[in-house]
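Each remark here refers to the structure printed beneath this line.
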Amino acid sequence: MKIKEINVYVCSPGRNFVTVKVITEEGIYGLGDATLNGREMAVVSYLQEHVAPCLIGRNAHDIEDIWQYLYKGVYWRKGPVNMAAIAAIDMALWDIKGKAAGLPVYQLLGGKSRQAVTLYAHASGENVEDTLDKTEDLIKQGFKAIRLQSAVPGLNVTYGVLGDKKDYYELQGNRPLPPEEPWSTQKYFNMIEELFSKARARFGNDVHLLHDVHSRLTPIESAKLGKLLEPYNLMFLEDASIAENQDSYKIIRHHTTTPLAIGETYNTIWDCKDLIQNQLIDYLRAAATHAGGITALRRMADFASIYNVKTAPHGAPDLSPICFAAHMHLNIWAPNFGIQEFVGLGNEQSKSIFKQSIEVKQGMAYVSDAPGLGIEFDEEAAKEFPYKRSYLPVSRLEDGTVWNW
Ligand code: GCO
Ligand code: MG
């Protein structure tokens, strides 16, 4: 089954998505997501100029060989641009293989380990009470796990909080230059315990609670936070600290039994090998789009499984519905799947472009038996929403020092 053509599309139904379509001589095609938020066009050009020409005429069934060819074969390994490009091609090839076999991708991975995928939703509020009200709404909708974020009093903007924007699409829709946002660890610590103590008092112990620190703390501060939140029994604390130095998580681990999750920016297993092998984390949040696709995530999940680390794929709105579909197939298969982050199936514009076959009921997601990834991409609809340059914010401490966003 020879690859005949590879097309790359960028559309912006509220925010930018990079989509790859690999077409075979037989007419079977596959779709992949190559979205790298704030750096989209670098991946587009990498794919068009450097990847696509090498793949024309190759056998679309050779998923592993093509992965290795694009990873080992180019000499320049790793990196977010490179790995997003490999990821998109890889997803598209799994989509093709599934369509050719008449099977959903999860069947090719080994079949179902569970009937449905547990999701965690986001409650992000202007203050503690607002976050708790939103949590209550989500519990009423049937969600069993909820990530709580609240604006930090004294800071005019806080990560994850919508302000006057109606959704995450509007939040990032129009940022032709990176906005700057303040950070104060002290102000954050003044708010955070109240959020979780009030949540447990109001909702009891049955609902899973989670929290994303977004890498704002140093390891010893994360250790302190983990200890402080232990009584509130979090499912996990996400991105407590940056782990470029993977050993630094020993400091956090040494002090707290609060479970730790990390990995949404990781591009390869090498970013988290020590974290996993030394059992310094509990959940791996790597995303198919940023870590080399289904082939790479499957390998990471298997490696993690022998160290009791579960998977919890990134599910932010800057991953396209194609990535979400890829995650669903991995999630339904992976014996060590933990939980999937969920921010909805997209806004109306994105739903007009990406036709998802996943169903969400009572906080659980169900994958369909459609062959391949089970998602369609409407090229004509995509043309109505052209690319718009847009950036993630930059974070600064109150004295002006650049900090981790
Ligand atoms: C999450 C993430 C996102 C990121 C975003 C950056 O846990 O969902 O932290 O909200 O900020 O994906 O591009
Ligand atoms: Mg996160």
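Since the structure is predicted, the reported quantities are computational estimates derived from the model, not experimental observations. Ligands are counted one by one from 1 in listed order, and the atoms in each one are counted from 1 as well. Counting begins at 1 with the first residue of the sequence. All values below were derived from every heavy atom in this structure, side-chain atoms included, with hydrogens, water molecules and symmetry-related copies excluded.
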Nearest non-hydrogen protein atom to atom 5 (C) of ligand 1, with distance, is Asp318 OD2, 3.3 Å
For this session: Run the contact test for Tyr159 against ligand 1 with a 4.0 Å cut-off on heavy atoms, strictly below, and give the result.
Result: yes
In this structure, atom 9 (O) of ligand 1 is nearest to the protein heavy atom Glu264 OE2, 2.7 Å
Practice prompt. Look at the aromatic rings of Tyr120 and Phe236 and report parallel, tilted or perpendicular, splitting at 30° and 60°.
Written response: perpendicular
Short version for His290: what comes under 4.0 Å of ligand 1, heavy atoms counted, is neither
The answer for which part of Trp405 has a heavy atom under 4.0 Å from ligand 1 is side chain
- Tell me whether Asp212 has at least one N, O or S atom under 2.8 Å from the Mg ion (ligand 2). yes
For Arg147, the atoms of ligand 1 under 4.0 Å from one of its heavy atoms are 1 (C), 7 (O), 8 (O)
closest protein heavy atom to atom 7 (O) of ligand 1 is Glu238 OE2, 2.8 Å
Within the 4.0 Å heavy-atom cut-off, what Leu392 brings close to ligand 1 is side chain
| task | Look at Lys383 together with Glu380 and state whether they make a salt bridge at an N to O cut-off of under 4.0 Å. | result | yes
Quiz item: Looking only at distance, does His122 have an N or O less than 3.5 Å from an N or O of ligand 1?
Solution: no
For Pro386, does its backbone N or O pair with a side-chain atom of Lys388 as donor and acceptor, under 3.5 Å? no
of all protein heavy atoms, closest to atom 8 (O) of ligand 1 is Glu341 OE2, 2.5 Å
Among non-hydrogen protein atoms, atom 11 (O) of ligand 1 lies closest to His214 NE2, 2.7 Å
Only one of Arg285, His314, Arg147 passes side chain to side chain donor-acceptor pair (under 3.5 Å) with Glu238, and that residue is Arg285
Parallel, tilted or perpendicular, judged at 30° and 60°: which one describes the rings of Trp405 and His214?
perpendicular
ask   = Thinking salt bridges, do Glu64 and Arg299 make one under a 4.0 Å N-O criterion?
value = yes
Practice prompt. Name the orientation class of the two ring planes belonging to His211 and Phe196 (parallel below 30°, tilted from 30 to 60°, perpendicular beyond 60°).
Written response: perpendicular
Inset, instruction - Flag the pair Lys140 and Glu136 as a salt bridge only when some basic side-chain nitrogen lies within less than 4.0 angstrom of an acidic carboxylate oxygen. - result: yes
Stepwise salt bridge (charged side-chain N to carboxylate O under 4.0 Å, His left out) check, Lys134 with Asp130 = CA-CA 6 Å; Lys134 289 181 169 142; Asp130 186 29; 3.3 Å; yes
Rounded to 10°, the OE1/Glu264 to the Mg ion (ligand 2) to OE2/Glu238 angle comes out at 90°
